[in-house]
Amino acid sequence: MSQYRWIGKSLPRVDAKGKVAGTVKYVTDLTYPDMLWGAVLRSKYPHALIKKIDVRKAKEKPGVVDVLTHEDIPGLNAYGIINQDQPVLCHDKVRFLGDAVAYVLAEDKRTAYEALDLIKVEYEPLPVVSDMEEAIKNTVKVHDDGNVLEHVVITKGDAAKAFESCDLIVEETYYTPRQMHTFLETEGGVATIDQDGIITVFSSSQYPNRDIIQIARSLNYPEEKIHVVAHTIGGGFGGKDEITTQILLALGTLKTKRPVKMVWDREESVIAGQKRLPIKITLKTGVTKDGKLVANQARVVADTGPYNCLGSAVMKLALEHACGPYYVPNTYLEGYCVYTNNTLGSAFRGFGATQATFAIERQMDLISKKLGIDPLELRIKNSLQNNQSAGLGHMPAPSVGIKDTLDQLKKHDLWVNKEKHLQTKSPHLKRAIGIACSHQGCGLGSFFPDYGSADIQLLPDGSFSLKVGCPDIGQGNATAFVQIAAEALYTHPDNIKVEVGDTRTTPDSGSTSASRSIYTGGNAIVIAARKIRALLIAEASRALQTAPDLLEFELDRISTRDKEKSVTYQEIARRAAERNKVIQYTSTFDWPRSDLEFNDALGLPHYVFSYISEMALVEVNTLTGECQVLKAVVSPDAGRIINRQGLEGQAEGGTVMSMGYALMEDVILEEGEYLTKDLSTYIIPSALDIPEIDTLPVEALEDTGPFGAKGIGEAVCNPMAPAVVNAICSALDIHITKLPATPEMIYNLVHHKTS
Amino acid sequence: MNKINVSLVLNGEPKEITVEPNLTLLEVIRDVFGLTGTKEGCGKGECGACTVLVDNKPVNSCLVLISQVEGKNVTTIEGLSSNGDLDTLQQKFIEEGAVQCGYCTPGMIMSAKALLLQNSKPTEEEIKRAISGNLCRCTGYTKIVRAIKSASEHGREVI
Amino acid sequence: MIVGGEKMLNRFELMRPQNLEEALSMKASYPCTPIAGGTDLLVKVKKKMLAPRQVMDLTGIKELSQIKETGDRLSIGALATHTEIMENPLVQKYAPLLLEGCNTIGSPQIRNRGTIGGNIVTASPAADTVPPLVCLNARVILSSTGGQREMSLEDFITGPGETQLAQDELLVEIVIDKMKPEEKFTYRKLGQRKALAISIASMALRLELDQAKRCTKAAVAFGAVSPVIKRATGVEHYLAGKVLTDEVIQEVAEMAKQSCDPITDIRASKEYRKNMCGSLLMESLLHIA
């Protein structure tokens with residue numbers, strides 16, 4: 001029997017009713033009277049100098065209100081979360097096909113897009129930088145300062161020396177694809193301005209408060225006169241962390257004093273939107289003959305495309321996760337993040353860990369095969385334990401659940417009775433089981449401010465308002481916030497009115513990203529609730545004429561310990577209101593930090609980690625190379641489970657996303673030109689492609705987390721890809737080093753092996 | 001461009017409109033009738049977010065010219081519930097946790113509705129086939145399939 | 001290059017005939033683009049690959065979606081949707097191969113709108129109804145105000161996106177063989193996923209076997225591996241009279257690889273497509289044998 005009333009329960013989402021009824025308005029559903037439409041002219045070339053931009057013809061078109069270029073940016077014509085290297089509207093140079101060159105504001109959408117045709121831009125095309133290794137050589141520069149955005153080396157122990165003592169060294173280079181977030185709602189929103197000059201941007205965003213800073217900087221406009229509202233949003237997955245349409249929307253409304261709407265259609269989203277960074281990663285991994293990891297060396301090259309966004313941070317997390325959730329005494333980790341004229345790389349669920357997990361988990365299977373050690377036992381043998389240092393050399397929080405997750409797999413029927421599951425109906429169908437583990441640093445890591453805040457107020461009817469900045473981008477954090485607050489406030493979840501992601505009302509709690517929102521928002525809620533409980537007790541003490549230490553909480557009331565007397569929250573609210581006393585508190589919370597910090601790699605390391613192990617049963621058709629994932633077993637450790645159903649939803653969604661990464665997803669470019677432009681060429685899994693999924697969570701409680709919770713959003717997106725690929729490789733006795741493992745790739749590997 | 005007259009029944013109510021012929025059913029539903037429950041995800045029939053029922057069959061409303069629903073019954077997500085009283089399917093989507101960001105949800109529910117109108121006791125495979133034209137990026141479909149199954153076991157028809 | 005705003009269709013004038021006669025006389029007088037299901041046409045218009053000035057909506061024509069028996073042949077109206085075909089008892093009984101083809105198209109939503117006539121006149125090398133139809137010896141009936149003409153489907157499609165349909169004609173009817181109950185058949189599609197997929201390669205197969213398991217009749221056609229979908233006659237001739245031994249299957253699969261002329265595109269390479277013709281045929285024959 002759980003010690004909690006609400007924590008861990010599968011409560012329905014607070015926003016579900018409006019979503020199933022179709023009545024809730026997403027940011028791209030909003031319209032205003034007198035509203036203009038914005039449309040952006042994108043670059044014609046992946047890399048070119050801009051010689052001249054002529055917008056006169058477009059401005060003359062009936063219905064066009066204004067056409068803006070770089071000359072119309074009042075402030076800094078650049079944005080970026082880490083460094084501001086991306087122009088709002090390009091001035092002298094374009095660096096990828098998604099670059100914005102001009103911006104039309106028109107009375108209706110059709111006129112806006114038709115006007116784009118009338119803008120004349122003279123370009124001088126430049127050679128295209130499309131290869132990561134070529135980029136490092138700086139033969140052609142995407143930015144004046146050179147193409148290497150960041151170069152990092154981190155070591156632990158002495159890897160070079162340790163390799164000498166290894167019984168086996170496995171070295172291989174892996175390549176990961178450009179995964180697209182493919183949120184069903186593309187980037188877009190609406191901005192309005194009122195008579196006082198207050199600009200409100202309703203936008204798909206994962207961090208409205210930071211958007212304000214970026215908008216204000218480019219518009220040279222006071223931050224306090226800008227609001228950003230980020231609800232309701234149709235998916236994020238990291239692709240709405242950086243600015244998409246926010247600055248242009250605000251600029252449009254500032255210039256025209258009218259509401260402005262812009263929604264990218266799918267093709268524009270593919271071309272201008274952010275992607276998971278493709279990574280080339282070479283791993284050299286040394287072990288003893290009984291399979292103990294001794295040393296791991298990584299060389300990562302990450303392609304952030306034309307601008308940083310969060311690319312350099314993604315590269316660093318790839319290094320941090322390149323040793324897997326294993327104890328490796330000696331490491332040498334080197335990473336480059338490079339500029340190219342390819343897609344705009346940025347955050348994507350898993351954030352570098354996803355890419356690194358594929359590589360290290362292939363290495364683990366190669367080691368298992370070469371040493372003849374069962375792949376599950378090899379992973380158990382090396383799994384990180386409390387008080388062991390991680391790959392960067394630092395000590396993670398002592399809530400390391402990786403071994404427990406592996407134990408869940410070991411007990412599962414799929415593993416126990418594997419021979420039964422490996423039977424196929426035909427000799428050309430082959431089955432195998434693959435295993436992979438991963439972990440994910442939660443929060444923003446060292447150095448960067450990482451804080452949260454929650455505002456709780458007792459309302460006159462005895463209910464509570466709860467306000468947290470982190471938007472709900474679809475994963476359900478608002479519901480988890482309600483459960484945490486209800487538990488901490490001894491009230492029913494229906495008694496809490498939650499608001500998230502609205503800078504007009506909610507306190508800044510940082511971004512919804514980095515597996516951080518439940519941990520951050522949850523901690524802030526716990527702190528605020530503690531204060532509110534004290535205020536409630538004080539009021540109850542006064543009402544019941546009883547000393548505070550003789551009182552205790554019951555559901556929605558406070559009673560004397562002997563249960564003789566009690567007072568409801570509603571009564572407390574009424575009495576407080578009579579005295580004009582407001583029972584309200586805004587908390588702040590700061591993340592705990594690791595014992596190490598790297599001055600040359602800001603943001604590393606992380607302190608709190610989630611852990612996960614997964615297993616996949618795969619059937620491959622050797623005649624065609626087709627692969628069907630039949631069964632997936634997911635064992636996540638995200639600390640205390642706040643909402644069981646929500647956790648399963650993350651596990652299932654992340655598993656299928658990772659399966660897509662393994663088998664079919666890639667934005668394909670040729671010299672900076674897109675060959676995949678829509679959802680008929682960029683393929684994500686359909687309902688017919690999914691496996692049966694079992695989720696078996698373990699709870700390695702995190703002392704610093706709300707009720708022991710960590711983060712779940714990202715770790716679930718890491719291990720299924722290598723688990724599937726490991727299964728394919730072991731079914732066919734082949735070695736795959738590149739994703740996605742398409743039927744053609746699998747067929748060719750089988751065919752070449754046998755010929 | 002000559003406007004055209006189109007008569008249709010939308011969510012049970014007869015409607016007559018005079019519009020330009022190059023509008024899709026999706027544009028009319030969202031922009032003329034203001035029913036924004038029906039979403040656009042791709043505009044080219046590749047994602048199913050715009051799914052509505054035409055004479056009880058699911059279609060991508062982004063690929064239907066408005067003239068093509070002349071005389072037909074069109075049902076959108078808003079037509080499934082009345083006065084806040086949800087259809088069983090909608091209720092089960094909530095209970096089973098089949099909703100995350102929710103952007104695919106209206107189209108998904110319409111495909112499921114069409115299935116249950118034709119086949120009140122579908123198998124899991126039939127459910128997956130019925131929603132195979134509706135992409136979801138959040139849920140991994142698992143809880144959606146379960147919600148539809150669950151609705152089929154407790155079904156009651158609204159339309 | 002203009003990116004964005006894709007969903008908006010260009011302005012056009014709409015014609016709404018209420019019967020075939022009206023449609024044909026409009027077609028005779030105007031260079032209008034007919035729209036049936038719209039699942040292909042509207043995508044092309046949205047992608048700006050086409051910008052028709054005049055569009056003729058065929059929705060009002062009721063007489064062109066009938067499916068009926070005529071002796072040993074089955075007649076299917078060009079406006080029958082894939083779903084209507086799949087749900088039709090005559091098709092279920094006499095043309096299950098066509099049903100299988102229809103069943104792999106796009107998604108339920110696409111099958112509810114897309115028509116067999118549309119799938120044919122689009123003349124995509126990857127069309128999913130065409131391999132089954134050519135194996136069923138399909139003939140197409142074209143109408144104009146001047147009368148009707150008929151030809152085999154193989155002759156009708158002349159290249160990717162190209163047919164013999166004249167400016168004033170409409171495809172009105174498709175006539176196919178009735179299959180015998182004892183026939184073996186399959187339509188196998190290889191796509192990038194299990195739904196909403198465009199064929200990388202596909203194969204339709206009809207076989208008749210005698211009591212000695214000897215192949216007495218064979219019809220085979222591959223999709224997405226040649227500019228025009230044709231019967232693989234070399235493969236068919238080879239199979240005729242043979243017992244499906246492992247050696248025969250190996251041999252004919254090799255032959256199938258040489259029977260096509262595929263291209264490399266974003267979905268697959270030429271070499272893989274060639275190999276898949278062999279693999280799909282081998283897989284089906286192994287299953288039947």
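Quick note on labels: first sequence line is chain A, next is B, and so on, each numbered from 1. The figures that follow rest on heavy atoms only: side chains count, while hydrogens, waters and symmetry mates do not.
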Quick check on A/Arg644 against chain B: is it the side chain, the backbone, both or neither that has a heavy atom closer than 4.5 Å? neither
Heavy-atom contact with chain A under 4.5 Å, split by part of B/Ile109: side chain
Which heavy atom of A/Leu679 sits nearest a heavy atom of B/Cys42, and at what distance? CD1-CB, 3.9 Å
With the side chain counted from C-beta on, respond yes when B/Thr142 and A/Glu692 share a heavy-atom pair under 4.5 Å apart, and no when they do not. no
Out of A/Gly234, A/Ala651, A/Gly660, which one racks up the most heavy-atom pairs below 4.5 Å with chain B? A/Gly234
Is A/Thr23 close to chain B through its backbone or its side chain, or both, or neither, when contacts mean heavy atoms under 4.5 Å? neither
Is the shortest heavy-atom distance from the side chain of B/Asp31 to the side chain of A/Lys109 under 4.5 Å? no
For the residue pair A/Gln650 and B/Gln100, what are the closest heavy atoms and their distance? NE2-OE1, 3.3 Å
Say whether, by atom type as modelled, one donor and one acceptor occur between the side chain of B/Tyr103 and the main chain of A/Gly474 under 3.5 angstrom. no
Below 4.5 Å from any heavy atom of chain B, which atoms of A/Val263 appear? Answer side chain, backbone, both or neither. neither
Checking heavy atoms, do the side chain of B/Glu95, its backbone, both or neither come under 4.5 Å from chain A? backbone
Taking A/Ala21, A/Pro12, A/Pro691 one by one, which has the highest count of heavy-atom pairs under 4.5 Å against chain B? A/Ala21
Are any non-hydrogen side-chain atoms of A/Arg13 and B/Ile94 less than 4.5 angstrom apart? no
Shortest non-hydrogen pair, A/Ser686 vs B/Leu135, comes out as CA-CD2, 4.2 Å
Checking A/Thr28 against chain B: side chain, backbone, both or neither under 4.5 Å from a heavy atom? both
Over all heavy atoms of both residues, which pair between A/Val656 and B/Gly140 is shortest? Give the atoms and the distance, please. CG2-CA, 3.5 Å
Against chain B, work out which of A/Glu648, A/Glu652, A/Gln475 has the most heavy-atom pairs shorter than 4.5 Å and name it. A/Glu652
What's the separation between atom CD1 in A/Ile693 and atom OH in B/Tyr141, rounded to the nearest 0.5 Å? 11.5 Å
Please classify the contact between B/Thr105 and chain A as side chain, backbone, both or neither, with a heavy-atom cut-off of under 4.5 Å. side chain
Taking all heavy atoms of A/Val24 and all of B/Lys39, pick out the closest pair and write down the distance. O-NZ, 4.1 Å
A/Ile684 CD1 to B/Cys136 SG distance, which is reported to the nearest 0.5 Å: 8.0 Å
Counting only heavy atoms closer than 4.5 Å, note whether A/Thr655 contacts chain B via side chain, backbone, both or neither. neither
Taking the side chain as C-beta and beyond, is there a heavy-atom pair between A/Asp29 and B/Arg30 under 4.5 Å? yes
Please report the C-alpha distance between A/Asp678 and B/Lys44 in whole Å, then the side-chain angles of each, then the deciding distance to 0.1 Å, and finally whether the side-chain contact (heavy atoms from CB on, under 4.5 Å) criterion is met. CA-CA 9 Å; A/Asp678 54 27; B/Lys44 293 194 289 197; 2.9 Å; yes
Please report the closest heavy-atom contact between B/Cys104 and A/Leu184, naming both atoms and the distance. CB-CG, 4.3 Å
Can you tell me if A/Lys17 has over 12 outside heavy atoms packed within less than 6.0 Å of its NZ? no
Whether A/Glu665 and B/Arg137 form a salt bridge (side-chain N of Lys/Arg under 4.0 Å from carboxylate O of Asp/Glu) is what I want to check. yes
Less than 4.5 Å to any heavy atom of chain A: does that hold for the side chain of B/Lys143, its backbone, both, or neither? both
